[in-house]
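Note on naming: letters A, B, ... go to the chains in the order of the sequence lines (proteins, then strands), and numbering restarts at 1 for each one.
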Amino acid sequence: MGFNLAWLHPFWALGLPIALSFPIGWSMFRSLDPAPDRVGRGLDALPMFLCRLLGRRKPAEMDWKRYALAFLAFNMALFVLTFGLLYAQQYLPLNPDGKGSLGALGYKDAAGVDHPGADTGVVFNTICSFVTNTNLQHYSGEQHLSYFSQMGGIVWLQFVTPAAGLAVMLAVIRGLRGDKTMGDFYVDLMRILVFVFLPLCVILALVLVANGMPMTFEGAVKASPLDGAAAKMDTQTICRGPVAALAAVKQIGTNGGGFFGPNSAHPYENPSVWSNLIEITEIVVLPMASLVMLGLMLKNRAHAAVIYGAMLAFLVVGVVLAVHYEVQPSAATENLAVVQGPNMEGKEVRAGAISGATWAAMTTATSNGSVNSMHDSLNPIAGMVAMSNLMLNVVFSGIGAGFLNMLMYIIVAVFLAGLMVGRTPEYLGKKVEAKEVKLAMMAILLHPLLILAGAGLFAATDWGAKTTANPGPHGFSEILYEFSSACANNGSGFEGLGDNTPAWNVATGFVLLMGRFPPILLPLALAGCLATKKLVPQTAGTLKTDNLTFFGMLVGTVLLVGALSFMPALVLGPVADHLMAMKP
Amino acid sequence: MTASDETASEVDRAGEPLALSATRSNSTDPRSHPMTRSRWRKQLRPALLSVPLLSIVTGLIFPIALAVPARLFFPGQSRGSLIVRDGEVVGSRLIGQSSKRPGDFHPRPSAAGGGYDALASGGTNLGPANPKLRDGASDDPATPTVDESFAGVRQLASEFRLENGLPTTFPVPIDAVTRSGSGLDPHISVANATLQIARVARERKLSQERVRRLVQEYTFGPQLGFLGSARVSVLELNLALDDLALAVSSPSPASP
């Protein structure tokens, strides 16, 4: 066969978002952080009008505490109202297929006994998952949600939760550059929605529809198949709906929660090769663009380039590893008379293994979590790449949230570098002292604590051990992945896991909240601390944070602090899985 | 305190000129006084108002604003790319269908319900090293209501060879022995389709060349020569074969 152009897929999948991140990042900088004399003028009048509807004439001046409080109050309101919506969807309009309350979903316990209509946990889990921009799904969209819930519950949370994350990033940047105020949460939120998410989503959704994605409010259609006897079905019921509205924002907002259970593996949610390329670009373009915006806002492009470069280095290594291991034959075909080709289990022919592996690495690096192949069936090392990305949680990660996570590592890197040369560490001209390092370490240590404690507890008890779909180390991988995904606010899963049980719903719901709010509020507090400090003049001895040395320092810190804590767990899961499949 | 009072105080605070790049004074922040009830209300009011406002904008206006142009410009795609024959929907161009008729091209195996059940889309979620994936599983007689049988790669490969009259050591294309992520994959690889041509031609009493040309007609990609790999749309191909059969059996037969 020789050289095949399909191998170039990772090149497009990385090149396109990188190229787009610069113009989008620049326009985000222009529209989200306007000069004081341009506030409310021109196009900026539109978000200001929306703010006026909330009773705000002019942007308020919030310090970090008020900003955090506004963020929390807003999330609380989301939580309560969406809970009501999903619970009562059977009484609400736009339900052509007559779906019942999500709370009546029911589950099957470890002994295989059905508990119909007894699981409020799934509603709690779903709300936690969507409010935290995670989109872990313990239900199946096309089966359990009405169109009204999909639009009014899921889509709008997919708009506002990444917007809220980006708003906090804006506030943190303002703190870092020493502004008098961190801005107004609601003004930031409206600007982000009006200038970033809504225009991008309208364009992208229409392009996706042109590629074959449904966008209709009509109910499921009953088709008469050619050979009904083959599947013991006289009719094939084809679920459809307003898929494009959800899919566009699902991808661009690092959300990942699909309209259909199999997410972007479903032909309606990813109909063609083109839609596949568009969706994979959407996954990472805004996290990248937000770093371009960071450089412009801080007037320190070199520092932003160091962060961008460090994240990109991790991403490229991840993609290369995942593709390399995924095109190897799967253990299931070894020594059988089958073409020893790429691992096609859980993959679509139109997307293929190379794109599946690329997608797997990119969706876990960012906190997106949509999938175009089933991660449970990935070859073990490709699955480990996905899992490692979740555990590092700093490779672009969520919009806004990714930079906030990386900021914690930057503080630690600056601190370590300071210790090495025996100087008081500084970051962006501000002294980094005990309080800042404590806040950073709290944020960094919380992540392994939640993942490892959770996975350990569930692997040791029936809560987790009885719900795995695969024996041996792969079963442990399923548990580990679920907690990593929840804590990284990712939302993808090793979906063989029987995760719709009260124990899983409550545990991951808790981890979701802990994985979202402390890692967003701690950087905000840290930026608040730094903002009040005096600028230290730069001297020859100042540790520069915008050169190649610091790039190495940052990558090293992430690897040492982030990766080492997870090494033993990875050895027990995917590494053991990989080694056991290799017959002597 | 009334709502207008709150707004007024908000304006007072916001009325200060925004000096974004001003250097900070070292004095303690005047806004860090202890939390009071009115401040809580000030936080809750925009939070509670923004929920209905934003849910209308993003959850209602956005999908409707999208559905209208989608319906106007892409009427077929927006409704699911359905295939209609004689006023009856027979399926969707994008959703695969089971077919076991010997004269049809067969799709990939599927984990969606009993096979290509669009209400139960999904993959096997079996790990590569799971023995079940390789060797399959048989039905558990203890549970008569549930069918646990599962065809593994080994069985699927030998079935494929038997069906298409291939020698016992012939390597079967990988997509013919693996299940897709959605269970609704409408495509098979060109290699897979090519191996089925002889059987289909024999069953339908067509020349292999005729079938091969039809397969080529329903082969898509790689897009622009570099995106994705070549693939065959199974349902569309089978429908085209049926049309061909109708044309042949009609009074004025087309030339072979």
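Per-residue heavy-atom pair counts under 4.5 Å with chain B were compared for A:A265, A:P267, A:A220, and the maximum is reached by A:P267. Residue with the most contacts toward chain B among A:P473, A:P242, A:A337: A:A337 (heavy-atom pairs, distance under 4.5 Å). When A:M374, A:M344, A:E478 are compared by the number of non-hydrogen pairs under 4.5 Å with chain B, A:M344 comes out ahead. Of the listed residues (B:P52, B:G123, B:P63), the greatest number of heavy-atom pairs within a distance under 4.5 Å of chain A belongs to B:P63. With respect to chain B, the highest number of heavy-atom pairs below 4.5 Å among A:G383, A:G241, A:G475, A:A331 belongs to A:A331. Counting heavy-atom pairs under 4.5 Å between each of A:L206, A:T216, A:N470 and chain B puts A:N470 at the top. Here A:E218 is the residue among A:K222, A:E218, A:Q150 with the most heavy-atom pairs under 4.5 Å with chain B. The greatest number of non-hydrogen atom pairs below 4.5 Å with chain A, out of B:P173, B:G181, B:A120, is found for B:G181.
A donor-acceptor pair under 3.5 Å is absent between the side-chain atoms of B:R93 and the main chain of A:G212, judged by distance alone. With hydrogens and angles ignored, the 3.5 Å screen pairs no side-chain donor or acceptor of A:E348 with any backbone N or O of B:S180. Without hydrogens or angle criteria, B:R134 side chain to A:E334 main chain gives a donor-acceptor distance under 3.5 Å. Under the 3.5 Å distance criterion, the side-chain polar atoms of A:R240 are matched with a main-chain donor or acceptor of B:R79. With A:Y268 contributing its side chain and B:G80 its backbone, the two residues share a donor-acceptor pair below 3.5 Å. Of the possible donor and acceptor atoms, one in the side chain of A:Q236 sits under 3.5 Å from a partner among the backbone N and O of B:G96. Looking at B:Q97, its side chain does come within 3.5 Å of a backbone N or O of A:L226 through a donor-acceptor pair.
Put simply, the side chain of B:P186 reaches to within 4.5 Å of the side chain of A:R350, judged on heavy atoms. The shortest distance between side-chain heavy atoms of B:R231 and A:V273 falls below 4.5 Å. Proximity of B:L54 to A:F74: side-chain heavy atoms (C-beta onward) are separated by under 4.5 Å at one or more points. Looking only at side-chain heavy atoms (C-beta outward), B:F74 and A:N211 stay at 4.5 Å or farther from each other. The shortest side-chain heavy-atom distance between A:E345 and B:L133 falls under the 4.5 Å cut-off. Counting only heavy atoms from C-beta outward, the side chains of B:T178 and A:K347 never approach each other to under 4.5 Å. When side chains are defined from C-beta on, B:V57 does not count as touching A:L193, because their heavy atoms never get closer than 4.5 Å. Put simply, the side chain of A:L53 does not reach to within 4.5 Å of the side chain of B:L49, judged on heavy atoms.
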When you look at B:R108 and A:V349, which way does the side chain to side chain contact (heavy atoms under 4.5 Å, CB included) test go after all the steps?
CA-CA 9 Å; B:R108 300 174 67 186; A:V349 170; 3.6 Å; yes

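When heavy atoms are compared at a cutoff of 4.5 Å, B:D242 approaches chain A solely by way of its side chain, counted from C-beta outward. Of the two parts of A:V202, the backbone and the side chain both hold a non-hydrogen atom closer than 4.5 Å to a non-hydrogen atom of chain B.
Between A:N379 and B:P128 the shortest heavy-atom distance is OD1-CG, 3.6 Å.
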